[in-house]
Visitor: 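Quick one: the structure is below, and I'll ask about it shortly.
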Amino acid sequence: MAKLPPRERILDAAEELFQREGIRRVGVQAIAERAETTKMAIYRHFETKDALVAEWLRIVAADYQAAFDRVEVEHPDRPREQILGLARFIAEGLPSLSYRGCPFINSLAELPDRAHPARQVIEEHKARQTRRLVGMCAEAGLPDPEQVAAEITFALEGAQVSMQNGSIDRVGERLLRIVEGIVDRHRSPRGAARPATD
């Protein structure tokens with residue numbers, strides 16, 4: 001960590017501590033010690049602790065948005081495979097959530113004030129994620145893309161909570177089957193073979 005530039009060291013330390021102990025329980029001094037720097041140095045890079053939290057979540061959100069970019073590149077013009085690719089991305093990340101939890105869900109629980117800059121980052125990220133998922137569902141020819149995107153979102157986010165609390169086994173495997181079932185159930189019958197006529 002000490003070889004990284006100060007700003008990156010601070011963000012890495014903040015991520016580790018926020019994930020492990022929670023936002024409220026971690027003070028700026030603890031972050032400074034973990035990053036091998038000073039509180040003054042942290043405040044040179046981030047005006048407040050809230051600004052540091054918001055920047056950390058902005059980076060986490062960018063990782064999720066990059067997953068959308070990847071599946072679009074990997075499955076061009078195949079929106080159904082793009083949707084399943086997103087589900088696979090979440091499913092593959094579930095094991096780390098079993099002990100750390102989803103950073104967005106955890107942060108929302110600690111930040112009830114909707115005016116908090118970090119909460120605004122999460123809400124903007126979730127809105128952008130929903131728009132992109134609705135777009136994929138529309139491109140897949142699903143007749144009610146908003147409804148399908150809502151059902152998929154409920155499945156993805158519910159899987160993350162279930163993994164964290166240990167209430168369901170084989171969460172990733174079940175999640176993939178559920179998302180595939182949602183997509184296929186909503187498929188338009190346009191592509192179905194028509195019955196032969198005389």
Visitor: So, are Arg78 and Glu139 salt-bridged, with charged N and O less than 4.0 Å apart?
Guide: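 Answer for the salt bridge query: no.
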Visitor: Do Arg34 and Gln29 have side chains that get closer than 4.5 Å, going by heavy atoms?
Guide: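 Result no, sub-4.5 Å side-chain heavy-atom pair not found.
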Visitor: Taking the side chain as every heavy atom from C-beta outward, state whether Ile83 and Glu180 have any pair of such atoms under 4.5 Å apart.
Guide: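 Ile83 vs Glu180: side chains apart.
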Visitor: Is Phe68 close to Met136 at the side-chain level, that is, under 4.5 Å between some pair of heavy atoms?
Guide: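 Sidechains of Phe68 and Met136: in contact.
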Visitor: How would you list, by chain and number, every residue that makes a side chain to side chain contact (heavy atoms under 4.5 Å, CB included) with Leu176, sequence neighbours excluded?
Guide: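 Leu176 satisfies side chain to side chain contact (heavy atoms under 4.5 Å, CB included) with Ala87, Arg88, Ala91 only.
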Visitor: Within the structure provided, determine whether Leu11 and Glu15 are in side-chain contact (heavy-atom separation under 4.5 Å).
Guide: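 Side-chain contact under 4.5 Å: no.
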Visitor: Would you say Gln129 and His125 are linked by a side-chain donor-acceptor pair, where the criterion is simply a distance under 3.5 Å?
Guide: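 Indeed, the side chains of His125 and Gln129 share at least one donor-acceptor pair under 3.5 Å.
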Visitor: Does the side chain of Asp113 come within less than 4.5 Å of Arg119's, by heavy atoms?
Guide: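 When only atoms from C-beta onward are counted, Asp113 and Arg119 do not touch, as no gap falls below 4.5 Å.
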Visitor: Do Val171 and Ile168 touch side chain to side chain, with heavy atoms closer than 4.5 Å?
Guide: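 The answer is yes, as the side chains (C-beta and beyond) meet within the 4.5 Å cut-off.
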Visitor: Any side-chain heavy-atom pair from Phe18 and Ile31 closer than 4.5 angstrom?
Guide: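 Of all side-chain heavy-atom pairs linking Ile31 with Phe18, at least one is under 4.5 Å.
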Visitor: Verify whether one side chain among His186 and Gln147 offers a donor that lies under 3.5 Å from an acceptor in the other.
Guide: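 His186 vs Gln147: no donor-acceptor pair found between side chains.
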Visitor: Closest approach of Val60 and Phe104, non-hydrogen atoms and distance?
Guide: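 Closest approach of Val60 to Phe104, heavy atoms only: CG1-CZ, 3.6 Å.
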Visitor: Parallel, tilted or perpendicular: which describes the rings of Phe89 and Tyr64, with under 30° parallel and over 60° perpendicular?
Guide: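 Taking Tyr64 first and then Phe89, their aromatic rings stand perpendicular (interplane angle over 60°).
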Visitor: Taking side chain to side chain contact (heavy atoms under 4.5 Å, CB included) as the test, write out the residues that go with Arg20, two or more places apart.
Guide: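 Applying side chain to side chain contact (heavy atoms under 4.5 Å, CB included) to Arg20 gives Glu16, Leu17.
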Visitor: Return the minimal non-hydrogen interatomic distance between Ala155 and Leu175, and the atom names on each side.
Guide: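 Taking every non-hydrogen atom into account, O-CD1, 3.5 Å.
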Visitor: Taking it one step at a time, do Ile152 and Leu86 satisfy side chain to side chain contact (heavy atoms under 4.5 Å, CB included)?
Guide: CA-CA 10 Å; Ile152 292 169; Leu86 286 174; over 6 Å; no
Visitor: Have Asp50 and Thr48 got a donor and an acceptor in their side chains that come within less than 3.5 Å?
Guide: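 Short answer, no.
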Visitor: Set out, in order, the CA-CA distance, both residues' side-chain angles and the distance that settles side chain to side chain contact (heavy atoms under 4.5 Å, CB included) for Glu123 and Arg128, then state yes or no.
Guide: CA-CA 9 Å; Glu123 291 178 3; Arg128 188 166 54 249; over 6 Å; no
Visitor: Kindly indicate whether the side chain of Cys102, heavy atoms from C-beta on, has any atom under 4.5 Å from the side chain of Val161.
Guide: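 A side-chain contact is absent here, since even the closest heavy-atom pair is not under 4.5 Å.
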Visitor: If I compare all heavy atoms of Leu111 with all of Ala118, which pair ends up nearest, and what's the gap?
Guide: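 Between these two residues, the closest heavy atoms are CD1-CB, 3.7 Å.
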Visitor: Strictly below 4.0 Å, N to O, side chains only: are Arg58 and Glu55 in salt-bridge contact?
Guide: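 Salt bridge between Arg58 and Glu55, a charged N being under 4.0 Å from a carboxylate O: yes.
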Visitor: Looking at Lys49 and Ile23, would you say the former's side chain and the latter's main chain have a donor-acceptor pair under 3.5 Å?
Guide: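 Between the backbone of Ile23 and the side chain of Lys49 there is a qualifying donor-acceptor contact (under 3.5 Å).
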Visitor: Go through the steps for Arg132 and Gln65 under the test side-chain hydrogen bond (donor to acceptor under 3.5 Å, both in side chains), then give the verdict.
Guide: CA-CA 9 Å; Arg132 292 188 77 173; Gln65 293 301 325; 3.3 Å; yes
